[in-house]
Amino acid sequence: MSRIAVVVKGYPRLSETFIAQEILGLERRGIGILIVALRKPYDPFIHDLHRQISADVLYLPEYVKDDPARVARAKRWAEKQPTYENAKALFEADFARQSNADRQRRWSQACVFAHELPDDIAWIYTHYLHTPCSAARYAAHLSGRSWSFSAHAKDIWTSPEWDLRTKINDAAWGVTCTSVNATFLKGLAETPDKVELLYHGLDFSGFPEPSKEISKRDGSGKPVRLVSVGRAVEKKGYDDLLSALSRLPGHLNWSFTHIGGGDLSEMLKREADRLGVADRITWRGAQPREEVIAACAEADLFVLPSKLAKSGDRDGLPNVLMEAQSMGLCCLSTRVSAIPELIVDGETGVLVEPGAPDELADALSGLIAAPDRRCTLGLAAASRVRKEFSTDPGLDRLAEKFRKVL
């Protein structure tokens with residue numbers, strides 16, 4: 001039976017549960033999968049989701065220097081293929097517009113990819129429109145296969161438009177996980193209908209139902225427990241959150257737990273110390289999903305102050321917000337990207353403007369002191385997200401598209 005190759009930047013990755021959820025869901029729908037990863041994992045843990053996935057993994061050399069003999073063999077093989085001239089011309093056209101080592105590396109990875117691809121792979125499907133897509137596209141042409149994509153956030157908003165247009169118009173079809181993304185990508189496509197909105201959604205089976213016990217913590221006694229899960233990177237807005245926490249009234253008792261790795265972790269710890277809030281904050285680093293669920297189950301309020309990074313990078317529709325909402329945990333976030341598609345301000349959570357610590361502090365103060373409102377918003381969020389953001393419709397649609405080519 002034929003399979004599809006699912007291309008990812010790295011595997012497994014703690015921050016990409018939505019990809020693992022999709023792979024597992026497709027396997028359960030009878031779609032055979034080979035995972036192709038551009039690099040090996042760096043995270044210290046894996047999720048239980050990853051343990052349930054049975055797909056084989058093909059790791060490409062992250063850099064040519066990692067295995068020059070393997071790359072050389074693949075390039076010698078590629079030069080003998082009838083598809084070589086066409087595939088190499090696509091790479092050279094891209095390289096003429098983006099002449100850097102990264103683009104050359106994608107060609108090398110594509111040669112290894114195409115050379116080592118098993119004969120039973122009938123289709124190539126790549127997550128992200130930036131680097132994984134470059135390697136996947138060249139490999140598809142070199143191996144004589146069709147391909148499609150799933151676009152998310154950073155890959156869209158930090159890529160040049162010429163690169164996005166080239167890839168969208170070359171792909172057989174593509175899906176993306178927010179209305180904001182879909183509108184933008186359709187505007188770049190020669191055939192807009194080839195881009196389809198397809199929410200990742202969430203498999204709620206691993207998440208507890210909302211608790212019937214209502215926390216009465218209001219900041220006057222025991223600390224109200226704030227939690228956030230996300231990488232310590234600019235677009236998550238944790239610098240704004242620290243600033244907001246430092247502005248909270250002195251009479252409010254609160255504690256904050258952050259879960260996630262990231263390049264800005266040490267800087268944020270120093271900033272918390274400078275602002276005088278470090279003694280109320282616990283930095284737990286990267287954790288498996290089971291620990292994330294446990295932390296949310298004990299929390300009173302989930303905070304994710306996302307914003308646009310200087311590079312243009314931004315969140316799509318963060319899975320962590322869906323996860324927190326599914327458990328009945330009240331969420332405070334920002335009006336950025338697709339977050340308003342998930343959180344209805346004042347009905348299923350609270351939204352503030354991105355990059356506005358004063359407004360964030362006001363919202364925090366209000367929610368810390370109002371346990372009944374937190375409960376009402378959390379329960380309304382759980383009802384809506386479980387009804388409208390299940391993973392099943394999207395997975396059923398993807399499986400249908402793949403069955404047509406397998």
Asks: Donor-acceptor check, side chain of K194 to backbone of A189, threshold 3.5 angstrom: yes or no?
Replies: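 Between the backbone of A189 and the side chain of K194 there is no qualifying donor-acceptor contact (under 3.5 Å).
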Asks: Is the closest side-chain heavy-atom distance between F113 and S108 below 4.5 Å?
Replies: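 They are not in side-chain contact.
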Asks: Heavy atoms, side chains only, cut-off 4.5 Å: are P132 and V8 in contact?
Replies: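 No; the side chains remain at least 4.5 Å from each other.
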Asks: For the backbone of D239 and the side chain of S243, can you confirm whether one donor and one acceptor N or O come within less than 3.5 Å of each other?
Replies: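 Not confirmed, S243 side chain does not pair with D239 backbone.
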Asks: Is it the case that the side chains of H130 and D163 hold a donor-acceptor pair, with the cut-off being a distance below 3.5 Å and no angle test?
Replies: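 No donor-acceptor contact under 3.5 Å links the two side chains.
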Asks: When you compare the side chain of T348 with that of Q325, does any pair of heavy atoms fall below 4.5 Å?
Replies: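 Yes. Closest side-chain heavy atoms under 4.5 Å.
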Asks: Side chains of R39 and Q109: do they bring a donor and an acceptor to under 3.5 Å?
Replies: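 Result is no, nothing qualifies.
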Asks: Is it true that R274 and E271 have a side-chain N and a carboxylate O under 4.0 angstrom from each other?
Replies: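 Yes.
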Asks: With a 4.5 Å limit on heavy-atom distance, are the side chains of I23 and L49 in contact?
Replies: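 The answer is no, as the side chains (C-beta and beyond) never meet within the 4.5 Å cut-off.
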Asks: Any ion pair linking E298 and R225 (charged N to carboxylate O, less than 4.0 Å)?
Replies: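 No, R225 and E298 are not salt-bridged.
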Asks: Is any side-chain N of the basic residue among R105 and D102 closer than 4.0 Å to the acidic one's carboxylate O?
Replies: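 Judged by the 4.0 Å cut-off on N to carboxylate O distance, R105 and D102 do form a salt bridge.
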Asks: Could you tell me if K65 sits above the aromatic ring of Y63, with its cationic atom closer than 6.0 Å to the ring centre and no more than 45 degrees from the axis?
Replies: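 Verdict for Y63: a cation-pi partner in K65.
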Asks: Would you call D345-R335 a salt bridge at under 4.0 Å N-O?
Replies: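 Between R335 and D345 there is a salt bridge, with a charged N closer than 4.0 Å to a carboxylate O.
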Asks: If you measure from the Lys or Arg side-chain nitrogens to the Asp or Glu carboxylate oxygens, is any gap between K401 and D396 under 4.0 Å?
Replies: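 A salt bridge is absent here (no side-chain N lies under 4.0 Å from a carboxylate O).
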Asks: Verify the distance criterion only: is there a donor paired with an acceptor across the side chains of D313 and S311 at less than 3.5 Å?
Replies: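 Absent: no donor and acceptor within the cut-off.
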Asks: Under 3.5 Å, side chain of Q21 to main-chain N/O of G201, donor-acceptor pair present?
Replies: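 Yes; judged by distance alone, with no hydrogens or angles, the pair exists.
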Asks: For the side chain of T176 and the backbone of A151, is there at least one donor-acceptor N/O pair under 3.5 Å apart?
Replies: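 Yes; at least one donor-acceptor contact below 3.5 Å.
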Asks: Charged N to carboxylate O below 4.0 Å: is that the case for D372 and K216?
Replies: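 Result for this pair is yes, salt bridge flagged.
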Asks: Kindly say whether G230 contributes a backbone atom to a donor-acceptor pair with the side chain of H258 at under 3.5 angstrom?
Replies: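 Checked: pair present.
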Asks: Pairing donors with acceptors under 3.5 angstrom, does anything connect the side chains of D300 and S215?
Replies: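 Yes, S215 and D300 have a side-chain donor paired with an acceptor closer than 3.5 Å.
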Asks: Salt bridge or not for E92 and K88, using N-O below 4.0 Å?
Replies: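 A salt bridge links E92 with K88.
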Asks: Could you give me the CA-CA distance, side-chain angles and deciding distance for E291 and R284, then say whether salt bridge (charged side-chain N to carboxylate O under 4.0 Å, His left out) is met?
Replies: CA-CA 10 Å; E291 291 298 318; R284 294 190 56 190; 3.0 Å; yes
Asks: Measure from the ring center of F149 to the ring center of Y128 and say whether it is less than 6.0 Å.
Replies: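 Aromatic pair excluded; centres sit 6.0 Å or further apart.
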Asks: Do the ring centers of H200 and F389 come within less than 6.0 Å of each other?
Replies: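 No; F389 has its ring centre 6.0 Å or more from that of H200.
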Asks: With no hydrogens and no angle check, just 3.5 Å: does a side-chain donor-acceptor pair link E341 and Y199?
Replies: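 A pair is found: one side chain offers a donor N or O, the other an acceptor, under 3.5 Å apart.
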Asks: Does K40 reach the main-chain N or O of Y11 with its side chain, forming a donor-acceptor pair under 3.5 Å?
Replies: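 No: the side chain of K40 does not pair with the backbone of Y11.
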Asks: Are any side-chain N or O atoms of S211 and backbone N or O atoms of E213, one a donor and one an acceptor, separated by less than 3.5 Å?
Replies: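 Answer holds: yes.
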Asks: Can you label the angle between the W173 ring and the F402 ring as parallel, tilted or perpendicular, going by 30° and 60°?
Replies: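 Tilted, since the angle between the ring planes falls between 30° and 60°.
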Asks: Could you tell me whether the side chains of R103 and S134 share a donor-acceptor contact shorter than 3.5 Å?
Replies: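 Indeed, the side chains of R103 and S134 share at least one donor-acceptor pair under 3.5 Å.
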Asks: Would you mind checking if R374 and D218 are paired as a salt bridge, meaning a charged N to carboxylate O distance below 4.0 Å?
Replies: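 Looking at R374 together with D218, the answer is no, because their closest N to O distance does not fall below 4.0 Å.
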Asks: Between the side chains of H127 and E22, does any donor sit under 3.5 Å from an acceptor?
Replies: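 Short answer, yes.
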Asks: Quick one: does any side-chain atom of N253 pair with a main-chain N or O of G221 as donor and acceptor, under 3.5 Å?
Replies: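 Present.
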Asks: Do R397 and E400 sit within salt-bridge range, that is, some charged N less than 4.0 Å from a carboxylate O?
Replies: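 Here R397 pairs with E400 in a salt bridge, since their nearest N and O are under 4.0 Å apart.
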Asks: Please determine whether the number of non-hydrogen atoms from other residues, nucleotides or ligands lying under 6.0 Å from atom CG of N100 exceeds 12.
Replies: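 Atom CG in N100 is packed in, count exceeds 12.
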Asks: Can you find a heavy atom in the side chain of T17 that is under 4.5 Å from one in the side chain of E323?
Replies: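 In short, these two side chains touch, coming nearer than 4.5 Å.
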Asks: Using 4.0 Å as the upper bound for N to carboxylate O, is an ion pair formed by D48 and R289?
Replies: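 Between D48 and R289 there is no salt bridge, as every charged N stays at least 4.0 Å from the carboxylate O atoms.
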Asks: Got S306 and I339 here, is their nearest side-chain heavy-atom distance under 4.5 Å?
Replies: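 Yes, close enough: below the 4.5 Å cut-off.
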Asks: Between E209 and R386, does any NZ, NE, NH1 or NH2 come within less than 4.0 Å of an OD or OE carboxylate oxygen?
Replies: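 Looking at E209 together with R386, the answer is yes, because their closest N to O distance falls below 4.0 Å.
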Asks: Do L245 and L364 come within less than 4.5 Å of each other through their side chains, counting heavy atoms only?
Replies: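 SC-SC contact between L245 and L364 confirmed.
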Asks: Hey, could you give me the CD1/CD1 distance between I53 and I33, rounded to the nearest 0.5 Å?
Replies: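 Taking CD1 in I53 and CD1 in I33, the distance rounds to 8.0 Å.
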Asks: Would you call E116-R70 a salt bridge at under 4.0 Å N-O?
Replies: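 Yes, charged N to carboxylate O under 4.0 Å.
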Asks: For the residue pair N86 / T83, report whether a side-chain donor-acceptor contact shorter than 3.5 Å exists.
Replies: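 Judged by distance alone, the side chains do not pair up.
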Asks: Will you find, in the side chains of E353 and T334, an N or O donor that is under 3.5 Å from an N or O acceptor?
Replies: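 Checked: E353/T334 side chains show no N/O donor-acceptor pair below 3.5 Å.
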Asks: Do the side chain of R231 and the main chain of L264 share a donor and acceptor less than 3.5 angstrom apart?
Replies: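 No: the side chain of R231 does not pair with the backbone of L264.
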Asks: When you compare the side chain of E16 with that of F18, does any pair of heavy atoms fall below 4.5 Å?
Replies: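 F18 reaches E16 side chain to side chain.
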Asks: Below 4.0 angstrom, N of the basic side chain to O of the carboxylate: do D94 and R137 qualify?
Replies: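 Salt bridge between D94 and R137, a charged N being under 4.0 Å from a carboxylate O: yes.
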Asks: Atom NZ of residue position K154 - does it have more than 12 heavy atoms of other residues, nucleotides or ligands inside 6.0 Å?
Replies: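 Open: at most 12 neighbouring heavy atoms sit under 6.0 Å from NZ of K154.
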Asks: Hey, are W123 and S148 close enough side-chain-wise for a donor-acceptor pair under 3.5 Å?
Replies: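 Short answer, yes.
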Asks: Is a side-chain N or O of R29 found less than 3.5 angstrom from the main chain of G25, in a donor-acceptor match?
Replies: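 Such a contact is found between R29 side chain and G25 backbone.
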